[in-house]
There are 2 protein chains.
Amino acid sequence: MGAMTEGESVIQSIDRAAKILALLQGSRRMGISELAAALDLPPSTVHGIVKSLQAHGLVAQQPSGNRYVLGPALLKLSSVYLDTLDVRARAMRWMHELSSRTGFATRLGAELFGEVIVIHHDRRPDGTEQMPETGLTIPSHASALGKVLLAYDAAHATDALSRPLAALTADTVTDPDRVREGLEEVRRQALGFENEEAVIGESSVAAPICAEDGEVVAAVAVVMPSNEWPPTDAVVGALRDAARSISRDLGAPTWPPRPPAPAG
Amino acid sequence: MGAMTEGESVIQSIDRAAKILALLQGSRRMGISELAAALDLPPSTVHGIVKSLQAHGLVAQQPSGNRYVLGPALLKLSSVYLDTLDVRARAMRWMHELSSRTGFATRLGAELFGEVIVIHHDRRPDGTEQMPETGLTIPSHASALGKVLLAYDAAHATDALSRPLAALTADTVTDPDRVREGLEEVRRQALGFENEEAVIGESSVAAPICAEDGEVVAAVAVVMPSNEWPPTDAVVGALRDAARSISRDLGAPTWPPRPPAPAG
DNA sequence: CCAGACGATTCGGTATTATCGAATGGCTTT
DNA sequence: AAAGCCATTCGATAATACCGAATCGTCTGG
């Protein structure tokens, strides 16, 4: 499937089960034969796997009858997953301060299979109703968070930029080389920018977060309406402060991070 | 594990994989042999399963080396799971209004294997830093949400009350019969109460939410500091309004729900 | 109201597949 | 420096999951 050169010792049924979960992740509700067709397997095989997943609450069939969806057990699992992340625990406090100071929503993101996954989200402090964004995934090339993570993780970059880049808006940069050029600047400033490249009307700035060993493990972003673009020095300053504080709490030796040896 | 009288056609490796996820959910970080001991299986078997899960991001080994934790893919999956819930989509709007009106945090909960899982959480409107509670699970017998869900779902009640009830605080009711008695009152009022039965300093009131077919599918609660207990009529009124509005949006024919035929 | 088709589900034989035990390698501990 | 612990690899074995066909239920169209 991917560029998985290594690893051929995956257990078949678990592999298939995971693929089923991934399929249900894409098209929210599917029938057995639909899944079977997608995986090119006999329906009876898929049925056995789905029922096994269902027994553990990992999938559920909706009352309507014959269609399956992701199950509630995933929610509990993910909740525990979030609790195991030191980065998140440490970041929450500073992100809340950052949101309060700037008046904007903030996000914490990490890499997941070449994309960015939002690990924590602190809402805009106004009383507005806002969707929780934790768990959202965003293409790396179209987000400030992603650009920062790409800039400091070569493996991530080659992975993410080797496949076609989706155009989410008219301003999305879809040429891998142009994205790569931008990363140079990201490293120089230890800041990533994005102006309506993922969502129209929404722009963001991000900064890297380092762990004990000095590696960049996450990024924190301020998300603002595009009509407030570009961010003021005060916003950028607060962002840098937050990123530095979180990194310090994690035991990072330096901040901003020492860029990895450029391949040029 | 539970009282699963039926179902003996679960695929072994998937069953084991799910159990491993559940174990990691309990004790956040475990080694291979630790898992093997818990499942009474040879380490090599467990290793194979864990590696397969790892290949899909369902578990991850922490940089430290030889311990495994739940993986980031679970977060993305759960995020999609939440999106598939009509109840949640409909409830969010009304819950936000409820939080604004009352000044308290609100929760939306559903049943998961005899417990309550928090499906949505709207923070207190003050600027305080607050943990996101979505994904949290709470014992049914010790929460207002749980009592409401128990009151209208006989299967849930027999399931949850057939096993020993944990005492989370001094005020937790641990006698199944006493819990059951309380449910009668819950049905009469279409309201569940809980005063420091789960967390010291925290109390809550909950109301049922019905779906198209009239069945109770979830419950919504207002969570308040115990020093504000008992809730004012205004709070209870707002809660009932919210529950009724959500149910109406879901197409429920009546509210409050018609109680199921009591077994007396 | 009936006939037909589609999809989910069940069942049992077969061979593929996961499992397991033993051996290796890496790491920390004493 | 040695020893123990733990993760990991490998290969033979038989237990296991897989698959195809048959069944059941439901929805569609006549």
Side-chain angles (χ1 to χ4, degrees), chain A residues 1 4-24 27-71 84 212-213, chain B residues 4-24 26-71 84 212-213:
Chain A
M1 295 275 148
M4 293 225 175
T5 316
E6 53 158 335
E8 213 20 86
S9 56
V10 264
I11 293 175
Q12 192 182 56
S13 63
I14 295 182
D15 186 56
R16 289 171 171 178
K19 281 176 181 153
I20 287 175
L21 291 177
L23 281 169
L24 290 173
S27 347
R28 354 217 88 182
R29 52 201 81 224
M30 300 177 81
I32 294 287
S33 45
E34 209 171 341
L35 289 165
L39 291 172
D40 194 31
L41 287 172
S44 54
T45 301
V46 173
H47 181 256
I49 297 172
V50 169
K51 281 299 176 190
S52 302
L53 290 171
Q54 184 178 198
H56 291 273
L58 297 170
V59 308
Q61 54 188 339
Q62 46 190 32
S64 327
N66 53 3
R67 293 188 102 70
Y68 290 85
V69 294
L70 294 175
T84 62
E212 214 169 350
D213 54 2
Chain B
M4 293 226 176
T5 316
E6 54 159 333
E8 212 20 85
S9 57
V10 264
I11 294 176
Q12 193 182 54
S13 63
I14 295 181
D15 185 56
R16 291 170 171 178
K19 281 176 181 155
I20 287 175
L21 291 177
L23 282 168
L24 290 174
S27 346
R28 352 217 90 182
R29 53 201 80 222
M30 299 177 82
I32 293 288
S33 45
E34 210 171 340
L35 289 165
L39 291 172
D40 195 29
L41 287 173
S44 54
T45 301
V46 173
H47 181 255
I49 297 172
V50 169
K51 281 299 175 188
S52 301
L53 290 171
Q54 185 179 196
H56 292 273
L58 297 170
V59 307
Q61 56 188 338
Q62 45 190 34
S64 329
N66 52 4
R67 293 187 101 72
Y68 290 84
V69 293
L70 294 176
T84 62
E212 214 168 352
D213 53 2

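A note on names: the letters A, B, ... follow the listed sequences, proteins ahead of strands, and every chain is numbered from 1.
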Checking [X] now: which residues fulfil side-chain hydrogen bond (donor to acceptor under 3.5 Å, both in side chains) with it, not counting sequence neighbours?
X: Gln62(B); result: Arg29(B)
X: Gln61(B); result: Gln54(B), Tyr68(B)
X: Ser52(A); result: none
X: Asn66(A); result: none

Fill in: With His56(B) via side-chain contact (heavy atoms from CB on, under 4.5 Å) - residues at least two apart
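Once residues adjacent in sequence are excluded, the partners of His56(B) under the side-chain contact (heavy atoms from CB on, under 4.5 Å) criterion are Asp15(A), Ala18(A), Lys19(A), Leu58(B).
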Distance check, rounded to the nearest 0.5 Å: [X] atom [atom1] versus [Y] atom [atom2]?
X: Ile49(B); Y: Gln12(B); atom1: CD1; atom2: CD; value: 8.0 Å
X: Ile20(B); Y: Leu70(B); atom1: CD1; atom2: CG; value: 11.5 Å
X: His47(B); Y: Ser9(A); atom1: NE2; atom2: OG; value: 7.5 Å

Item to complete: Name all pairs fulfilling the salt bridge (Lys or Arg N to Asp or Glu O under 4.0 Å) condition that reach into residues 47-57 of chain B, sequence neighbours left out, sorted by first residue then second.
Response: none
Worksheet entry | Per-nucleotide protein contact string for nucleotides 3-8 of chain C, where B marks a base within reach and S marks sugar-phosphate only (heavy atoms under 4.0 Å, - for neither) | ----SS
Worksheet item: What string of B, S and - do you get for nucleotides 21-30 of chain C 5' to 3' if you count protein non-hydrogen atoms under 4.0 Å?
Response: B---------
All N/O pairs under 3.5 Å across the protein-nucleotides 15-17 of chain D interface:
residue: dT16(D); atom: OP1; partner: Gln12(B); partner atom: NE2; Å: 3.3
residue: dA17(D); atom: OP1; partner: Gln12(B); partner atom: N; Å: 2.4
residue: dA17(D); atom: OP1; partner: Ser13(B); partner atom: N; Å: 3.2

Worksheet item: How far does the helix from dC1(C)-dG30(D) to dT30(C)-dA1(D) bend, going by the axes of its first and last five pairs, to the nearest 10°?
Response: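 Computed from the C1' atoms at both ends, the axes differ by 50°.
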Item to complete: Kindly indicate, with the supporting measurements, whether the criterion side-chain contact (heavy atoms from CB on, under 4.5 Å) is fulfilled by Val10(A) and Ile14(A).
Response: CA-CA 8 Å; Val10(A) 264; Ile14(A) 295 182; over 6 Å; no
Discussion item. Please report the distance, rounded to the nearest Å, between CG in Asp40(A) and P in dG20(D).
Written reply: 11 Å
Discussion item. Tell me the interatomic distance from Ile49(A), atom CD1, to dA18(C), atom P, rounded to whole angstroms.
Written reply: 10 Å
For residues 33-45 of chain A, dump all side-chain donor-acceptor pairs below 3.5 Å to protein atoms at least two apart in sequence or in another chain.
residue: Glu34(A); atom: OE1; partner: Gly31(A); partner atom: N; Å: 3.0
residue: Glu34(A); atom: OE1; partner: Arg67(A); partner atom: NH2; Å: 2.7

Worksheet entry | Minimum-distance pair of heavy atoms, taken over all atoms of Ala17(A) and Leu53(A) |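 Shortest heavy-atom contact: O-CD1, 4.0 Å.
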Worksheet item: Looking only at heavy atoms, what is the nearest atom pair of Val69(A) and Arg28(A), with distance?
Response: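 Shortest heavy-atom contact: CG1-O, 3.5 Å.
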Worksheet item: Which residue lies toward the 5' end of DNA chain C, Gly48(B) or Lys51(A), if each is placed at its nearest nucleotide?
Response: Lys51(A)
